[in-house]
Protein chains: 2
Amino acid sequence: MNFLIEPKNRLKTLSNVEKKKHLLKRRIVRYLYFHGPKSAAEISKKLKSSIPTISSIINELLSLDVIIEQGQGNSSGGRRPNLYGLQDDVFYILGIDIGWFTTKIAIFNTKLESVSEFINHPLLLKDDNRLIHEIYDLANKLIDKSGIDRNKLIGVGIDMPGLIDAEKGINYTYFYDEENTLAKRFEDLFELPVFIENDANARTLAEYRYGLAKGTKNTLVLHVGWGVGLGMIINKELYRGSSGFAGEFSHIPLVENGLLCKCGKQGCLETVASGTALVRLAKEGIHQGKHSTLSEKIEKGQELIPKTIIEAANEGDQFAISIIAKVGFELGKGIAALIQLFNPELIILGGRVAEANQYLLTPIEQALNHYSIPKLRNQSKIKISKLGTNANILGAVAMVSENIFEK
Amino acid sequence: MNFLIEPKNRLKTLSNVEKKKHLLKRRIVRYLYFHGPKSAAEISKKLKSSIPTISSIINELLSLDVIIEQGQGNSSGGRRPNLYGLQDDVFYILGIDIGWFTTKIAIFNTKLESVSEFINHPLLLKDDNRLIHEIYDLANKLIDKSGIDRNKLIGVGIDMPGLIDAEKGINYTYFYDEENTLAKRFEDLFELPVFIENDANARTLAEYRYGLAKGTKNTLVLHVGWGVGLGMIINKELYRGSSGFAGEFSHIPLVENGLLCKCGKQGCLETVASGTALVRLAKEGIHQGKHSTLSEKIEKGQELIPKTIIEAANEGDQFAISIIAKVGFELGKGIAALIQLFNPELIILGGRVAEANQYLLTPIEQALNHYSIPKLRNQSKIKISKLGTNANILGAVAMVSENIFEK
DNA sequence: AACACTTTTTAAAAATTTTTATTAAGTTTT
DNA sequence: AAAACTTAATAAAAATTTTTAAAAAGTGTT
């Protein structure tokens, strides 16, 4: 698969026609990667080249074992077309999801199946360079163990928290270095293209490629955990802003003279509409002697985290339900703003707090009815994510394919 | 210029190669239209076709009088290239800017010069179908008077207030008709392609094509008049949202338990950060006996409109300056939210209220320092528009070219 | 001012792509 | 179940584009 990963240096020596052919090859592989098995006719139409041209490249890819015949397609009266699909093992992508407390690592094939052990390693994220090597060592051993051909590994996708400029490969919050960027340091270790992206954006990409946002044009993805993360698909692309920092929804000023946020500013959305706010409300309520199973849980030594409150609500705890409603209403206010600004067709809610499902959705809808223009509000559907906890690492993998197949 | 305006029907009869050639022709015209005179080599590189191919099409366009040689370009040691530019009069675009009180109409050539009388007609915008015919009659007479060849008129661009779906050509606020859309009705009259767009978006497009946003990738354009209009350039394109309603910045909920807005909701940004808010604050102040030249002006029978207050401020009236500062600070809060969500490289302020220049900018900057993350805030420049009152009609014209030259 | 070096333009040759035609393989209708 | 109709794949012919080469037109330096 060298035609996929080492273009920039070698491409310069190619003539114009060779470049074009090379491009067409990549576009076919890309098309099959993202859309599954297709017929020559379909590829020809989509890629705007004649069938003989496509046919000759297909034969080439066939002999290179990049693609295989995968049965026949349907016909509405006429010969049935051969379907060509990517081989499962033409290339692999290494995904790394660095969280605050855990780092996940796995290798995926072209069908997005994990073909290795799935590492789930406790690792406290801190700004210490030794972490980079620790993660590399884990990944490296994983590759060895998996027994896959290293030449078939085409790239590494990493997602993590922080203010990240994906284009430059810099994380301004962790491991900051303007020259020897984080991406570069990993590239030096892996000797492979490495792409770094902020976790919210990774999840958003995952929703777009494999989740509810598939096929949509303008979608917002909210992740409600301790804070509120926002990622945006705009015009069928992940929108990063001019320096990669777009989507700082958690810290927009929405409350007048509000509480001090951990970011140092006052009245951020996060102070009233997040897991943080939920825990604060719970503590305040219990302090005031509100009747709730939460008090018992705390006495049993359980920590008060958003998850605990969500579980209490799902077990019917009225107090928990009421504070979720409060948080939901405030979040709804924020979403109302988003709807008016972006006019998205879909808003996806994910994260721990979103597991409260209807307890969260109902107050959000209420707030939307209050705070947004009906004509606009009706254009946006709101759904709860179905991607689960592996959304991040899938997004990291998606990033690699997006970048490898770039135009 | 029929190859520019009547494609869809006739294109179907063309073979694939003819289509491709046709497309290349259009792309060359488009390139020259948007970027001015260029050499064959530049066109070849930009459009990724070989020089002989481009050369043959250039000769064809030359003999059709679509383009002309326009002197020679510079060389860094070598023969100097011939520059080819579009003829001034290959085609014309009719622009119509429908405001609440005035409608402007003019015809523009490829150099964006007005080649007709510039109609500035008092016309109260109301939901009355007779208006459509009135506007058509005015435009029609203008075309006659101008003496230009009707065959060279390639389209009509209209901008106006309201909730507009530009793709469908429907204005949901005025002249609403799902079937017989507004665009269609004008098309039936003009017998030309007609494009309708919301005024904020038209201004934004004008800034992008001919104003401060030229060459930027992600820019927000705010228009502060009675309300606050927002238009967005995202990834070098006008962003309209999934149904064309994006950018309703004026009515995002930013004030808790705030005033009732004219839109029916409570606490909209518009109630505290707009010309409307400015006038309200002025009235309240004068009522409370605040010392100001504004009281005198009112006694003289002048109407209290934003313009009056801005003028007072620019003449040094301290009260006017103070209320502009108040409005500016609130607007700044809203802009802080925009910066965090969009991370734009540029924000352009236009409209009557923006004419207060530094009196408005300073409090905005203050609010930004308060309410946005420094790392993000520093990525966005804020500038006052230089386009003046014709921004709208220029944007309407730009829309036509954008659409005519679509991919 | 002549020579060496660049870059554009034109022309002819080479290569590639598209078109057209033909054969193969299925579907649907009678 | 056969005939008529569709659609796919393949092959040869036609057309177009790109490449290569050479001439034309400048620029800059010795």
Side-chain angles (χ1 to χ4, degrees), chain A residues 3 10-28 31-32 35-63 67-85, chain B residues 3 10-28 31-32 35-63 67-85:
Chain A
F3 77 84
R10 207 167 293 190
L11 264 180
K12 277 181 189 164
T13 64
L14 267 58
S15 73
N16 243 335
V17 258
E18 284 174 309
K19 271 187 207 163
K20 275 191 179 172
K21 189 166 186 181
H22 180 265
L23 189 70
L24 196 51
K25 239 188 237 176
R26 285 172 65 124
R27 295 215 299 148
I28 291 176
Y31 185 52
L32 297 179
H35 302 275
K38 296 281 177 230
S39 70
E42 280 173 293
I43 298 173
S44 153
K45 202 178 277 176
K46 196 77 182 181
L47 269 50
K48 279 162 192 169
S49 283
S50 71
I51 293 179
T53 305
I54 295 295
S55 215
S56 87
I57 294 185
I58 281 180
N59 286 330
E60 206 176 314
L61 292 174
L62 230 32
S63 68
I67 61 176
I68 40 165
E69 281 194 22
Q70 292 200 323
Q72 299 188 121
N74 289 325
S75 161
S76 54
R79 179 170 169 179
R80 297 169 69 184
N82 282 336
L83 257 31
Y84 303 95
Chain B
F3 76 85
R10 207 168 291 191
L11 265 181
K12 276 180 190 162
T13 63
L14 266 58
S15 75
N16 243 336
V17 259
E18 284 174 310
K19 272 187 207 163
K20 278 192 178 171
K21 188 165 185 180
H22 181 265
L23 188 70
L24 196 51
K25 237 188 238 176
R26 285 172 64 126
R27 295 215 297 148
I28 291 176
Y31 184 53
L32 297 180
H35 301 275
K38 294 282 178 229
S39 70
E42 281 175 292
I43 298 173
S44 155
K45 201 177 279 176
K46 197 77 182 183
L47 270 49
K48 280 164 191 167
S49 284
S50 70
I51 293 179
T53 306
I54 296 296
S55 213
S56 89
I57 295 184
I58 281 180
N59 286 329
E60 207 176 312
L61 292 174
L62 231 32
S63 69
I67 59 176
I68 40 164
E69 282 192 22
Q70 291 198 326
Q72 298 188 121
N74 289 326
S75 161
S76 55
R79 180 169 168 178
R80 298 167 70 182
N82 280 336
L83 258 32
Y84 302 96

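Since the model is a prediction, treat every value here as computed from it, not as a measurement. These numbers come from the heavy atoms of this one structure, side chains and all, not from hydrogens, waters or symmetry mates. Residue numbers start from 1 in every chain, and the chains themselves are labelled A, B, ... in the order their sequence lines are given, proteins ahead of strands.
- For A/K48 and B/I51, each mapped to the nucleotide of DNA chain C holding its nearest heavy atom, the one lying further toward the 5' end belongs to B/I51.
- Of all nucleotides listed (C/dT8, D/dT17, C/dT18), C/dT8 comes nearest to the side chain of B/P81.
- Rounding to the nearest 0.5 Å places OG of A/S44 at 6.0 Å from CD1 of A/I54.
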For side-chain contact (heavy atoms from CB on, under 4.5 Å), just list the numbers for A/I43 and A/I58, CA-CA rounded to whole Å, side-chain angles, deciding distance to a tenth of an Å, and then say yes or no.
-> CA-CA 10 Å; A/I43 298 173; A/I58 281 180; 4.1 Å; yes
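- Between B/H22 atom NE2 and D/dT16 atom C1' the separation is 18 Å, expressed in whole Å.
- The two residues A/S39 and A/L83 make their nearest non-hydrogen contact at N-CD1, 3.8 Å.
- The phosphate of C/dT9 (OP1 or OP2) has a side-chain N or O of B/N82 nearer than 4.0 angstrom.
- Rounded to whole angstrom, the span from the CG atom of B/N74 across to the C1' atom of C/dT7 amounts to 13 Å.
- Of the candidate nucleotides D/dT17, D/dT19, C/dT18, D/dT17 has the atom nearest to the side chain of B/T53.
- For A/L62 against A/I68, the heavy-atom pair with the smallest separation is CD1-CA, 3.9 Å.
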In B/S/- notation, 5' to 3', how is nucleotides 24-30 of chain C contacted by protein heavy atoms closer than 4.0 Å?
-> BBBS---
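- Summarising the geometry of B/S75 relative to B/G78, their closest heavy-atom pair is OG-O, 2.9 Å, with the distance given to 0.1 Å.
- Remark: A/K21 pairs with A/E60 by the salt bridge (Lys or Arg N to Asp or Glu O under 4.0 Å) rule, at least two apart or across chains.
- Regarding B/L62, its CG atom lies at a distance of 10 Å from the P atom of C/dT10, rounded to whole Å.
- Atom CD1 of B/I57 and atom C1' of D/dT16 are 11 Å apart (whole Å).
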Apply side-chain contact (heavy atoms from CB on, under 4.5 Å) to A/Y84 and A/E69, showing your working.
-> CA-CA 5 Å; A/Y84 303 95; A/E69 281 194 22; 3.6 Å; yes
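- Straight-line distance from the CG atom of B/L23 to the P atom of C/dT18: 14 Å, rounded to whole Å.
- Regarding A/E69, its CD atom lies at a distance of 12 Å from the C1' atom of D/dA8, rounded to whole Å.
- Atom CD of B/E42 and atom C1' of C/dT7 are 13 Å apart (whole Å).
- For C/dT16, the OP1/OP2 oxygens have no side-chain nitrogen or oxygen of A/K20 closer than 4.0 Å.
- Checking C/dT9, D/dA8, C/dT18 against every side-chain atom of A/P52, the shortest atom distance belongs to C/dT18.
- Computed from coordinates, the B/K45 NZ to C/dT7 P distance equals 10 Å when rounded to whole Å.
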